[in-house]
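Each chain gets a letter, A, B and so on, in the order its sequence line appears, and its residues count up from 1. Here the structure is a predicted model, which is why all the values come from computation and not from measurement.
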2 protein chains.
Amino acid sequence: MLRENSGALVVLDAPLREQRSDAAANRRRILAAAEQLFAQRGVAAVSMAEIARTAGVGQGTLYRNFANKGELCLALLDTQMADFQNRVLEALREMAYQGKPWLEQAGWFLEALVLFNAQHIPLLFEAQREIAAGGGLLGSPLQWQRVTVSALLGRAAQSGELKAGLDLPVAADLLLAFAHPPVFHFLTVHAQYAPQQIISALRQMLRLLAA
Amino acid sequence: MLRENSGALVVLDAPLREQRSDAAANRRRILAAAEQLFAQRGVAAVSMAEIARTAGVGQGTLYRNFANKGELCLALLDTQMADFQNRVLEALREMAYQGKPWLEQAGWFLEALVLFNAQHIPLLFEAQREIAAGGGLLGSPLQWQRVTVSALLGRAAQSGELKAGLDLPVAADLLLAFAHPPVFHFLTVHAQYAPQQIISALRQMLRLLAA
DNA sequence: AGCTTAAACGGACAGCTATCCGCTTGTCAA
DNA sequence: TTGACAAGCGGATAGCTGTCCGTTTAAGCT
């Protein structure tokens, strides 16, 4: 599971033999079926059994490819998440090259993350339901976001951009708390904040960290 | 459901007739059974069917009292949450009377909330799984926490304790993001932060808001 | 082409959640 | 005390998730 070769995510171990061609085809049919059903009726209202039926495969086949609906959702997001990650890291590299202050980079990053979440919250929300329970978000794609923010804050501190005496790792995680799907869902759906409002508030927070 | 008369939580509508005595007894037996099973084997590992069996009632009876495991967990927390709320509001009233700065009150509140969550995270976590899906956290006990923090920040702003130009409602919700059970679970279990570390970081954040 | 074998298949199944509905019982009024 | 009835009961049941295992088949070797 989670051995995504299509995108840029972690490859756990090299496959000893190539995947069989019928298996690959089935995987594609499953993803296509899921995408279609999700679009038609919403992620939550579609059952795994139905996805298997629509894809024309048995349940066993479905579950060998994706241990649960969460993994299936993550797989559907795989390409977009990989693209996002690449775009972001590239942009940050460019900004660093141009000498843009680290705190501003962090602000830009959080903005990009808010917009990404806003776009993909249904799948992210469902993915979280199943993945978070077993094993935290360990190894999950959200991990690089923590690393990135933490690193940006660290460099900002080294450059004297930040107030002294801050616990940076915890601060980073608190800043990123909004990105946990249930929280983001709460902020946008229940509290009715627009993405721009969230972005502004996060930028304010960052500005407060500045020396 | 969620018509908790035992504690201080919202009463949706006055019951037209008193609850029948056998029903009340069953409710108590269910709660007792759940508490015992949860303590023995952990919340996640206990099924509703088993709770019903242990309590000596039918599944129908169980589900009429608690629409899902989440509500059952909330009911188990009801007393403690009501106590917590009362203690907190009382303490805040006292602090306000003594003229303690609003920001410090907010800091104290967040500290108390961290400690409460740390103590009850297993039940809170399970409760969230089922409740958040249908209807957000609408009307749920977490609502008064938002109101409280928002109000404290508002008064702090009026008293000139805060920097100008902040979006207080959003700031309040971002400060409270840590309290969403999945996030708190993540921070303590996965990121391995001690409650005191989280408290310190939150206090730092609040200090940064100060004028 | 034919053989071998591990990979993949898919349907049956166990266990769970949540609902439904015919039966039972506590409660109130007379 | 008794009768009526709403409230409550609990087992049967539908539909879901995730697993298991006997069967099928693609792929590499000869």
- Whole angstrom is fine here: how far is it from CD in Glu50(A) over to P in dA14(D)? 19 Å
- Query: Tell me: CG of Leu62(A) to P of dG18(D), nearest whole Å?
  - Reply: 10 Å
- Message: Would you say Ser47(A) places a side-chain N or O within less than 4.0 Å of OP1 or OP2 belonging to dG15(D)?
- Response: no
- Query: To the nearest Å, how far apart are Arg64(B) CZ and dC21(C) C1'?
  - Reply: 11 Å
- Note on the structure: Of Ala23(B) and Asp22(A), the one whose closest nucleotide on DNA chain D sits nearer the 5' end is Ala23(B)
- Task: With DNA chain C as reference, determine whether Gln59(B) or Ala24(A) sits nearer its 5' end, using the nearest nucleotide of each.
- Result: Ala24(A)
- Item | Heavy-atom pair with the smallest gap, counting every atom of Leu206(B) and Ala106(B) | CD1-C, 3.7 Å
- Just to confirm, is there a sub-4.0 Å distance from OP1 or OP2 of dG8(D) to any side-chain nitrogen or oxygen of Thr61(B)? no
- Any chance you could lay out the salt bridge (Lys or Arg N to Asp or Glu O under 4.0 Å) test for Glu90(B) and Arg87(B), step after step, and finish with the verdict? CA-CA 5 Å; Glu90(B) 172 55 33; Arg87(B) 265 187 301 131; over 6 Å; no
- Provide, to the nearest angstrom, the distance between the CZ atom belonging to Arg53(A) and the C1' atom belonging to dC16(D). 11 Å
- Item | Spacing between Arg129(B) atom CZ and dT17(C) atom C1', to the nearest angstrom | 13 Å
- Are any of Ser21(B)'s side-chain N or O atoms less than 4.0 Å away from OP1 or OP2 of dG26(C)? no
- Counting just side-chain N and O atoms, does Tyr63(B) come under 4.0 Å of either OP1 or OP2 of dA18(C)? yes
- What about Arg20(A): does its side chain form a donor-acceptor pair under 3.5 Å with the base of dA8(C)? no
- Query: Once you round it to whole Å, what is the distance between P of dA8(C) and CZ of Arg27(A)?
  - Reply: 12 Å
- Query: According to a strict under-4.0 Å criterion, is Asn68(B) in side-chain N/O contact with OP1 or OP2 of dT17(C)?
  - Reply: no
- Query: Rounded to whole angstroms, how far apart are NZ on Lys69(A) and P on dT17(D)?
  - Reply: 6 Å
- Message: Once you measure the plane-to-plane angle for Phe186(B) and His190(B), does it fall in the parallel (<30°), tilted (30-60°) or perpendicular (>60°) bin?
- Response: perpendicular
- What is the distance from CE of Met48(A) to P of dT17(C), rounded to the nearest Å? 18 Å
- Would you indicate whether the side-chain heavy atoms of Gln80(A) and His120(A) approach each other to under 4.5 Å? yes
- For Val57(B) and for Ala49(A), find the nucleotide of DNA chain D with the closest heavy atom, then tell me which residue's nucleotide is more 5'. Val57(B)
- Task: Check whether any side-chain heavy atom of Val149(B) lies under 4.5 Å from a side-chain heavy atom of Asp173(B), and answer yes or no.
- Result: no
